[in-house]
Amino acid sequence: MTTKTVIINDVGPRDGLQNQPKVLTLEQRLQLIKALRTASIPAIEVGAFVSPKAVPAMAGTGELVTQLPSGPCAYSALIPNQKGYELGKESNIPIMSLVLAASNTMNEKNIRQSTKEGFMTCAKVLQQAKSDGTHVQVYVATAWACPFEGAITEDSVISLTDRLMTAGAKHIVVADTIGAAHPEQSYLLMSRLVNEFGANQLSCHFHDTRAMGLANVYAALQAGIRQFDASIGGLGGCPFAPGASGNVATEDVVMMLEQMGYETGIDMPSLLNASDLAIELTGTARGGKAKAWLEKYYAQSALAG
Ligand code: COA
Ligand code: ZN
């Protein structure tokens, strides 16, 4: 991987679909994943092993995993607890993502555990993963702001990341769950984390609630981050975090990165088809902010041969 390579993990099939009024069928969820694979997305969060009562849209993730297209893609799924780990392991999903918020109230709402209990769950699962030889990473949610507790300090995120890594986490995804961070804050926190832990072990996950998603990606990029979550068509949100809107759109992030000379390996015309499909399936996705321009640009390029 050169310093000009950026890895995009599309979280549309999980973060995107979990918050939709319309629950898609397994076939539709798979259709979206296949469209993303056609665009050569290198990593996809395909679903979640969570309670189907809590998040009906993610029911059947185990079955979905058995039908994923083969080929080089880092497939992952979210797990909130030990039971999620067992289900994920059974399904043979290559990567499982625990989630632990930096704020106590968010953990109580999301995983029904305090931060202390949630940390113990993570430590147990990470220990288990080590002996099972499975790949488990951790999302540090509400890393800049919590919808219930407000601002989160950099020190608390650094200390939580440190403890999770000591407990065995190989990779940490730093998430702005409600899209409240501004670029200066993103740069400052990510610079400190990169200095402490190295960029390879870190990703960023930005929501675009205040239209600062792309600026936050740029800020984290300046801090050295080379792995980002994004969501096709800007789908996204968390049912347990009031005010969380869609993630920064994959098509916008890929456009910005490629224009700056970074390589994502993603095929933009196919990505735009996947964005169309996300809009068609959900009826709510808006598409990236640059989508109209991108469509025009690629239509003209095709005409020019
Ligand atoms: N997958 C599937 N079912 C699960 C589960 C999992 N990972 N963990 C618990 N359950 C089931 C239990 O079997 C039980 O089922 P029952 O009512 O049929 O007996 C029920 O959920 C309650 O179990 P309990 O251990 O008491 O869990 P809880 O009520 O404390 O709920 C969560 C905890 C985390 C399972 C639930 O709140 C959840 O799935 N939340 C979703 C989190 C999420 O996806 N957030 C968005 C992304 S960040
Ligand atoms: Zn999210």
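Heads up: numbering here begins at 1 and tracks the sequence. Predicted model only: the values in this text are computed from it and were never measured. Just so you know, ligand 1 is whichever comes first in the structure, and atom 1 is the first atom listed for that ligand. No hydrogens, no waters, no symmetry mates; every other heavy atom, side chains included, goes into these values.
- The closest protein non-hydrogen atom to atom 35 (C) of ligand 1 is Asn81 ND2, 3.7 Å.
- Under a cut-off of 6.0 angstrom, the local environment of CE in Met260 is crowded, with over 12 non-hydrogen atoms contributed by other residues, nucleotides or ligands.
- Ring planes of His207 and His205: tilted class, angle from 30 to 60°.
- Between the side chains of Thr284 and Lys22, no donor-acceptor pair is found at a separation under 3.5 Å.
- A side chain to side chain donor-acceptor pair (under 3.5 Å) check over residues 47-74, counting only residues at least two apart or in different chains, returns the pairs Arg29-Thr61.
- Considering backbone and side-chain atoms alike, Phe240 places every N or O at 3.5 Å or more from each N or O of ligand 1.
- In terms of protein heavy-atom proximity, atom 42 (C) of ligand 1 is nearest to Asn110 O, 3.4 Å.
- Atom 28 (P) of ligand 1 has its closest protein heavy atom at Arg112 CD, 3.5 Å.
- Looking only at protein heavy atoms, the nearest one to atom 19 (O) of ligand 1 is Lys53 NZ, 4.8 Å.
- Counting heavy atoms closer than 4.0 Å to ligand 1, residue Thr177 contributes nothing at all.
- Within the 2.8 Å limit, Cys238 places no N, O or S atom next to the Zn ion (ligand 2).
- Residue contacts with ligand 1: Gly84 is placed with a nitrogen or oxygen under 3.5 Å of a nitrogen or oxygen of the ligand (distance criterion only).
- Near Phe49, meaning under 4.0 Å from one of its heavy atoms, ligand 1 places the atoms 1 (N), 6 (C), 7 (N).
- The protein heavy atom nearest to atom 36 (C) of ligand 1 is Ala54 CB, 3.9 Å.
- Side chain to side chain, Glu258 and Thr264 meet the donor-acceptor criterion of an N or O pair below 3.5 Å.
- Sorting the N, O or S atoms of Asp15 by how far they are from the Zn ion (ligand 2) puts OD2 first.
- Contact check on Arg192 versus Asp155 returns a salt bridge, with a Lys/Arg side-chain nitrogen under 4.0 Å from an Asp/Glu carboxylate oxygen.
- The presence of a protein heavy atom under 4.0 Å from atom 14 (C) of ligand 1 is ruled out.
- Ion pairing between a basic and an acidic side chain is recognised when a charged N comes within 4.0 Å of a carboxylate O; Asp208 and Lys289 show such pairing.
- The nearest protein atom to atom 2 (C) of ligand 1, hydrogens excluded, is given as Val50 O, 3.2 Å; this is a heavy-atom distance.
- On a distance-only criterion, Ser51 and ligand 1 share at least one N/O pair closer than 3.5 Å.
- Against a heavy-atom cut-off of under 4.0 Å, Arg14 is close to the following atoms of ligand 1: 47 (C).
- Partner of Gln113 under the side-chain hydrogen bond (donor to acceptor under 3.5 Å, both in side chains) criterion, chosen from Thr121, Asn81, Asn104: Thr121.
- The shortest contact between atom 4 (C) of ligand 1 and any protein heavy atom is with Lys83 CD, 3.7 Å.
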